[in-house]
Amino acid sequence: MAGIRLERLGKVFGATRAVDGIDLTIPDGEFVVLVGPSGCGKTTTLNMIAGLEVPTSGDIWIGDDRVTDWEPGDRSLGMVFQSLALFPHMTVFDNIAFPLRVKRVAPAEIERRVRAVGDTVHVGHLLAKRPATLSGGEAQRVALARTLVVEPSVFLMDEPLSSLDAKLRVEMRTEIKRLHGTLRSTFVYVTHDQAEAMTMADRIVVMHQGRIQQVGRPLEVYGNPANRFVAGFFGVPAMNFVEGELHAESGGARFVAQALGLSLPGQRLGSGPAVLGVRPEHVRLVSAGESWPAAVSLIEPLGDATLVFLDYGGPSSLVAKVDAEEKLAVGDRRSFTFRRDRIVLFDAATGGRLST
Amino acid sequence: MAGIRLERLGKVFGATRAVDGIDLTIPDGEFVVLVGPSGCGKTTTLNMIAGLEVPTSGDIWIGDDRVTDWEPGDRSLGMVFQSLALFPHMTVFDNIAFPLRVKRVAPAEIERRVRAVGDTVHVGHLLAKRPATLSGGEAQRVALARTLVVEPSVFLMDEPLSSLDAKLRVEMRTEIKRLHGTLRSTFVYVTHDQAEAMTMADRIVVMHQGRIQQVGRPLEVYGNPANRFVAGFFGVPAMNFVEGELHAESGGARFVAQALGLSLPGQRLGSGPAVLGVRPEHVRLVSAGESWPAAVSLIEPLGDATLVFLDYGGPSSLVAKVDAEEKLAVGDRRSFTFRRDRIVLFDAATGGRLST
Amino acid sequence: MRQRGFPLFPLVRHTLLLAWAAVTLFPIYWMVMTSFKQAAEWVTWPPRWFPHEPTLVNYVKVLTPGTSTFELGRQTLKILKPIGDSLIVSGIGSLIAVLLGSALAYSWARFGTGGRSYPYNILSIRMVPPIVIAVPFVVYFVTLRLLDTYTGLILVYLATSLPYVIWMMLAFVEEVPVELERAARVMGASRWKVLRSVVLPLTASGLVVTFLFVFILNWSELLLAMTLTNTEVSTIPIQLNKFQSANEGRDYGPQAAIGTIATLPVVVLGFLIQKHLLRGFSFGLLRK
Amino acid sequence: MTAAGAPGAGRLRRWLERERVFKWLPFVPVQGLFALLLLPNFLLLVYLSLLSWRITRGAWWNAAFTGLDSFQRALEDSRFLWALARTFAFAAVAVPLELLLGFGLAMLCRRSFRGRRIYTSVFLLPMMIVPAVVGYDLSMLLIDQGPFNQLLSLFAGRTVTVRWLSEYTPAQLAVIGADVWQWTALTFLVFTAGLAGLPEEPIRAARVMGASRWQIFWHIELPLLKPVIAIAVILRSMEALKMFDYPMLLTQAGPGNATETVAVYLWRVGWEFARVSDAAAMSLILLVAVAMYILVAIRVLRRERRRLTEEGAV
Amino acid sequence: QTPAGTTADARAVAGAKAYMQSKGLTSLKLNMMMPSIFTAGSTVEMANFEKETGIGVNYFEVGILQIQAKAMSEAVAKSGSFDFWIGDPISLPDLAEAGLAKPIDDLVARGKADLDDIVPGFQEQARYKGKTYGLVADGDNFILAIRKDLIDAPGERQKFKAKYGWEPGCPDTYEQWYQLAEFFTRDPKGAGVPEVYGAMGYRARSWGWRWWLQQFYAKGGMPFDDNLKPLIAGKEGLESLRDYIALTKFMPKDILGWATPQAYPFYAGGNAFSIMTYPSIAIAAEHPERSKIVGKNRYCLVPGYVVGGKLVRRSLQGYGNIFYVSSYAKHPEAAYWLAQYLTSKEVSARLVSGPNSVYDPYRRSHLTDARVIKARTKEMVETHLKNAQVMAPMILIQGAVEYNDVLDQNIQEALLGKITAEDALKNTAAAWEKITNQIGRKQQIEGWKAIKPAFPTKNVPD
Ligand SMILES: Nc1ncnc2c1ncn2[C@@H]1O[C@H](COP(=O)(O)OP(=O)(O)OP(=O)(O)O)[C@@H](O)[C@H]1O
Ligand SMILES: Nc1ncnc2c1ncn2[C@@H]1O[C@H](COP(=O)(O)OP(=O)(O)OP(=O)(O)O)[C@@H](O)[C@H]1O
Ligand SMILES: [Mg+2]
Ligand SMILES: [Mg+2]
């Protein structure tokens with residue numbers, strides 16, 4: 001069993017800084033999810049851990065070993081790729097047996113272990129088939145089995161579920177999570193899907209332009225983003241941002257924006273241009289209290305909830321996520337307010353978080 | 001301007017009944033979304049409307065014309081493909097101008113119309129570029145512009161947004177919807193994405209195995225599914241299904257399942273095996289009223305809401321979607337109930353809807 | 001896709017295709033027929049479209065080893081040694097070319113070794129007309145003691161067929177997903193193991209097609225072979241040229257027999273790999 | 001390597017496994033081959049061209065430099081210039097014909113229909129025949145009392161006795177015909193592969209826009225096929241400019257000099273007339289002429305291929 | 001030192017045995033390059049020699065027109081890949097200069113090859129600048145064969161005489177040959193495909209020039225003056241070339257592509273009235289199975305021209321196989337002994353009379369050898385050796401191949417009507433000047449002087 005430590009890890013491709021000196025410690029047995037926009041360096045980081053790319057700077061430790069220079073095969077890790085990377089010219093059995101054969105395990109032992117792991121992930125009946133004839137979920141399971149069979153201490157997964165349809169994705173993510181529960185190996189998991197990140201991660205690592213933006217538990221990252229980038233990246237639909245000014249007030253601060261102004265008692269935030277962020281589910285339609293009037297400009301029913309676009313007089317409309325049962329019509333005039341405790345403020349220039 | 005009518009439309013490929021005699025009337029100006037699992041015949045249907053596939057049976061009417069035998073180019077429709085299908089060797093200008101050139105519009109007129117439509121979809125500044133140098137969203141807009149420029153009375157779109165990332169997808173869907181608002185042309189739109197289907201459609205057509213399962217307004221399909229397939233297909237996470245028995249009761253019916261039983265007063269449903277369906281957001285954690293005890297087996301925080309897996313003693317756990325603020329821990333014992341008015345019942349054998 | 005209009009299109013198509021098929025088959029047909037004709041039927045007016053008295057004598061003649069009776073102006077060709085030599089030279093040359101060339105294509109496709117222009121530079125080697133290098137080659141090969149040796153000719157064929165190998169194999173190598181190799185690497189497979197167990201099986205059809213194509217090229221090559229060999233090595237084209245050049249010949253039957261023998265194996269191979277041929281000749285230019 | 005913990009011995013093996021070593025492994029023999037085989041050869045060619053050596057004049061390493069004399073002689077040698085022009089002219093007739101025929105046939109065989117496989121197999125046959133056999137075979141067909149004239153007589157309705165191998169223009173046609181007959185197979189193959197690889201959706205899009213078959217062909221398919229056309233042109237031109245076998249076997253470069261290609265003439269100058277330095281100079285001139293043409297074509301190919309791969313990303 | 005033996009072949013065998021002994025060899029395979037169409041004939045005799053001496057031969061066959069190129073490349077390569085070869089006289093000057101052909105005067109002297117028996121003019125072709133480089137194996141001066149059966153057909157003589165005013169038979173002049181050709185061209189259908197063609201000669205690339213050269217010599221022409229200025233573009237050249245072209249219209253259509261393998265069977269098939277060609281035509285024409293015209297031929301003295309009131313006949317030594325020994329041979333002496341064996345009186349007679357022989361009589365003794373007469377007919381052998389009295393050599397100086405190739409090319413273009421006869425000869429002359437200048441005039445003058453004595457002095461044979 002082994003934790004992972006990345007020390008000032010960097011990778012430069014020509015002129016591109018794909019990974020720009022990241023430090024990260026993943027304790028043994030943790031399930032870490034890497035997220036970030038396309039091209040932010042997730043795959044590159046994973047490949048460096050696997051040994052498939054040679055870092056241009058920094059070091060990688062797995063367990064107590066500095067593995068930076070090791071061959072991928074020596075690192076005792078398992079990797080699942082987005083494309084699954086099943087060998088199309090081998091049967092399922094041979095696919096699962098491949099890593100054992102590479103390690104020159106005795107044939108009888110191979111037979112035993114392949115069958116055992118095949119049963120664990122429910123592909124025992126598919127062993128004679130070829131990958132091309134498998135369904136998406138089956139192929140996914142075979143890829144897992146192939147990784148599991150050598151019992152690696154670290155699992156690396158690069159968007160393993162992204163080629164599955166929505167339904168299967170939900171199913172498989174539960175299964176992987178269950179696996180993690182059983183094995184208690186270290187998992188590093190890359191995904192684009194927020195639901196996956198939120199539900200699977202012990203900790204989420206948000207990356208942007210080769211740097212780590214925030215590391216934290218899922219709800220921490222969601223509810224307490226470290227900067228405007230993280231705040232905007234997480235959540236569908238995205239967090240509403242309102243640009244305005246902060247003024248120091250006695251006993252707190254006041255945020256003023258076009259057609260909007262609210263007091264933030266008890267907070268010391270200084271003065272200057274700032275951005276207020278509030279998630280759609282924290283915009284409430286109310287009839288009383290400190291609130292602002294708005295017109296409903298668009299309604300998007302999602303079934304389980306409804307998105308309401310509110311024109312309140314600011315430069316763009318605010319999106320509120322309200323209960324599906326709410327009776328609304330385009331053109332309605334409603335008042336709205338924010339859940340004060342969920343508001344976040346950012347420095348307009350740096351995007352850094354202001355409220356503490 | 002033209003509505004579309006499909007009459008017993010069918011298409012057989014060798015042994016595959018890709019489309020199995022569907023009837024559908026789309027009034028002029030309606031935005032219809034086709035959804036369904038992969039391979040259910042959505043693309044084939046769209047291609048038949050476009051004239052790219054010849055139906056093996058049935059007829060297609062556009063406006064007042066029976067167009068079944070017409071060449072695609074004569075049907076006055078615009079089509080956007082999943083791959084966008086921009087002509088890679090032409091500039092954006094030439095791409096947009098192509099349909100006009102085909103129709104031998106005068107060059108000055110072409111110039112004018114391309115610029116006009118370019119401005120409408122905000123690609124005016126890209127006209128000299130080549131498709132390869134465009135970003136995903138830009139390419140998408142160009143594909144739209146190319147379709148718009150001839151002002152077709154019918155738009156066909158086959159998963160046009162599926163190659164974009166989550167954020168852009170949300171943006172573009174609003175844009176397409178706005179376009180529909182302005183043009184009021186007839187739109188037939190294929191998608192895999194439920195949020196798209198729910199938010200964009202005037203009516204949703206759910207297909208399965210070449211047949212239409214249900215046609216209805218989004219909330220109708222979501223809240224009032226015609227059969228178990230539609231119910232299970234819509235919604236992430238999927239609707240909970242509980243298999244059990246219906247017993248006629250005085251003044252109603254009673255549904256009994258393992259560890260679960262509830263009365264359905266005022267409903268005449270007969271007796272026999274049945275399946276109860278309830279969406280996760282309609283499973284409520286309560287402390288009073290008719291409720292059943294359960295243990296929390298898994299918690300998946302999504303940020304804006306939390307999924308709770310409840311072990312209540314049945315064969316599989318129930319998923320409840322609860323407020324993100326709800327304080328819960330795995331192992332907690334909680335009581336739950338269903339929103340009675342949202343329960344749906346299906347025939348266990350046919351999957352047909354039971355409650356009316 | 002459907003096409004409206006022109007109901008006669010299939011008819012026109014078949015007419016045109018049949019016409020070209022006839023053009024294609026006519027010389028081949030004639031050669032095969034002549035190989036079964038006796039001397040009296042080789043040249044007649046009107047020409048005989050099939051042998052009236054079919055005979056195998058031409059095949060017997062060219063395949064019987066040893067000297068036979070010579071006739072004035074009617075030398076009898078021998079084909080066994082040239083076939084053997086051709087097999088050795090083209091076989092080994094093409095094989096090494098395919099191995100090296102595909103390794104090179106692999107290295108270029110995966111690591112960009114040699115720079116972006118490398119395949120184009122290589123292609124320009126093929127552009128050099130053999131006659132240009134023929135004269136200095138003799139001078140050079142004499143010093144290396146490679147003249148009139150199998151090794152010499154093999155090296156030359158290796159060098160001249162590499163450009164084709166690299167271009168054809170690029171298409172196939174690029175089709176192998178990198179992730180497959182990475183997966184194998186992570187499982188502990190060495191790079192050799194990856195090549196052997198993953199890349200090789202997946203590009204096998206490409207290797208076969210490429211081998212066949214350069215084999216045909218080398219099997220057919222005349223000028224360099226003629227220049228660089230004397231007594232020890234003699235390929236089929238040289239042998240044919242010795243006896244068929246414009247002022248000789250007229251030994252139609254045995255020559256047709258040799259032509260048929262020299263053609264048959266390649267044609268059979270070609271048929272077997274026909275569907276891969278198409279992939280091999282996309283040169284990676286178009287992908288679905 | 002300090003990876004003490006890493007299992008396995010074989011230092012060399014490990015060293016060979018490193019990417020920056022491994023990736024050069026195939027390059028060493030290939031570049032070595034070129035460096036040892038072709039480069040000295042080329043230098044020798046240049047050296048010889050600067051002498052006025054003929055085989056009858058002692059050993060080449062004793063021959064004195066005479067500067068560019070050989071080049072001057074070559075450029076004043078009208079037979080050489082004609083042979084050069086003739087070779088390019090043959091290529092200029094044969095290659096477009098092969099391209100057109102190959103393209104036309106590939107278009108006709110594009111969509112599946114009954115018999116397509118058979119046609120395809122037949123059309124590929126000529127490629128698999130040794131050119132020497134083709135030369136021989138055609139010489140048998142083209143004699144004045146041969147089946148080809150018989151067929152022509154049949155179509156013409158009177159006795160045709162064209163002397164295909166011993167009259168000026170017919171002999172040239174025969175040589176070009178041999179090239180076309182044999183290598184249309186290759187262009188057919190390349191174009192069939194190209195057409196099969198054309199993306200479907202832009203074509204469908206164009207159909208929906210009302211483009212006619214011809215417009216689609218002209219504005220969409222043909223431009224997309226440009227790189228394929230470029231490679232076909234390059235491959236065929238390169239080979240056609242080397243033409244040697246057909247004239248050698250069909251006509252002995254005659255009658256007169258009707259079919260004397262530059263390769264045949266160089267063969268004669270070098271080996272029959274023993275003027276090695278002149279042959280070397282002519283070779284270099286030929287090389288430059290071919291290179292100017294082919295390199296331009298390769299540039300086009302490169303541009304088209306680059307465009308295409310970039311576009312592949314969309 | 002001369003090996004024992006009374007005949008040249010016995011001495012050759014003895015010499016070879018001694019050689020083997022001195023080298024301590026019991027068997028040996030010599031490599032021999034030879035034109036592929038000539039592999040015929042000599043195999044049996046070579047087998048005999050091997051039986052006696054242990055020296056055998058591996059053939060290395062090459063297309064007849066590529067012998068020169070292969071030999072040149074060997075001159076560069078010096079690889080010793082063949083010990084000796086059969087070639088024609090034209091290539092000798094270049095190959096001697098290139099150092100490939102080995103002077104064998106000492107061996108000839110040692111072996112006492114009886115060269116005296118050879119009809120004058122033949123062995124001279126194997127000499128260059130005073131040295132002997134080879135042993136002649138073949139007397140290849142042209143002969144004219146005509147069909148006496150056609151002349152003797154009922155009524156033909158009378159008709160011919162009425163038309164042309166002389167009794168048909170062997171023509172004395174080219175004009176008479178033209179008349180014969182014209183008369184005996186038989187095209188009953190008038191379709192342009194005669195049943196019998198009036199004449200045949202070689203007009204193919206690389207061959208046709210020889211037939212013109214013979215005609216040119218008969219006109220009294222000489223290719224060069226003593227300063228090696230070309231003389232061909234004069235009156236003699238022009239007139240003879242015009243006649244040469246004119247006669248071609250009586251020949252088969254494809255004649256421009258034909259050499260021996262095509263021409264012989266055609267004539268032997270009875271398709272032509274006359275043919276000017278190599279003497280081995282007799283083998284084909286008198287072949288009991290393959291010929292349709294056995295015994296129907298007359299073999300004629302070569303025709304000529306009346307120059308200055310006197311008839312001048314000229315025959316050209318138009319190919320002539322010669323055994324050359326390579327300077328880079330591994331066993332030059334062994335090769336020489338085999339050559340001497342094969343060209344000796346006795347063995348050469350066997351070779352010349354062989355059933356598929358391509359070697360034509362060239363020794364006086366062949367004239368009286370019964371085997372030769374049986375194979376060739378007495379008339380033919382006699383006529384052939386008479387023709388040898390007026391036999392002229394080809395242009396045998398350095399660059400011969402190139403001089404001849406240029407000539408040939410221009411003649412063919414004139415024949416095809418691409419250029420006028422006048423231009424053809426002028427172009428040739430100009431090109432010859434260039435070649436001479438490039439090789440070196442002084443050297444060429446020397447070579448030309450050396451070959452001049454080989455030209456005949458008689459105008460008609462005795
Ligand atoms: N082999 C390479 N050569 C050059 N640049 C590369 C290479 N691999 C990756 N990059 C660049 O490095 C950056 C990071 O790429 P990486 O694949 O790690 O991103 P990612 O976060 O995995 O993106 P995605 O979500 O799209 O998979 C990108 O800008 C990419 O273009
Ligand atoms: N050209 C064809 N030949 C044979 N079968 C086809 C063809 N096109 C489609 N099919 C089959 O018809 C059925 C319907 O295909 P279609 O593409 O319409 O599905 P779809 O609903 O668009 O699926 P997806 O969501 O994956 O795009 C599938 O089973 C498919 O395999
Ligand atoms: Mg990635
Ligand atoms: Mg589809």
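Quick caveat: nothing in here was measured; it's all calculated off a predicted structure. Residue numbers start from 1 in every chain, and the chains themselves are labelled A, B, ... in the order their sequence lines are given, proteins ahead of strands.
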Exceeds 12 heavy-atom contacts within 6.0 angstrom, atom CZ of A/Arg101: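 Yes, enclosed.
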Heavy-atom donor-acceptor pair, C/Glu179 side chain to A/Ser83 backbone, under 3.5 Å: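 Checked: pair present.
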For [X] and [Y], which heavy atoms make the closest approach, and how far apart are they?
X: C/Ser197; Y: A/His89; result: O-NE2, 2.6 Å
X: A/Phe98; Y: C/Ala184; result: CE2-CB, 3.7 Å
X: C/Val186; Y: A/Ala50; result: CG2-CB, 4.2 Å

So [Y] and [X], do their side chains get closer than 4.5 Å, heavy atoms only?
X: C/Leu180; Y: A/Pro88; answer: yes
X: C/Arg182; Y: A/Asn47; answer: yes
X: C/Met187; Y: A/Arg146; answer: yes

Part of A/Leu156 within contact of chain C (heavy atom distance under 4.5 Å):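 It is neither, since no heavy atom gets under 4.5 Å.
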Options C/Ser190, C/Ala189, C/Ala204, ranked by heavy-atom pairs under 4.5 Å with chain A, top entry: C/Ala189
Top of A/Val150, A/Leu84, A/Leu86 for chain C proximity - count of heavy-atom pairs under 4.5 angstrom: A/Leu86
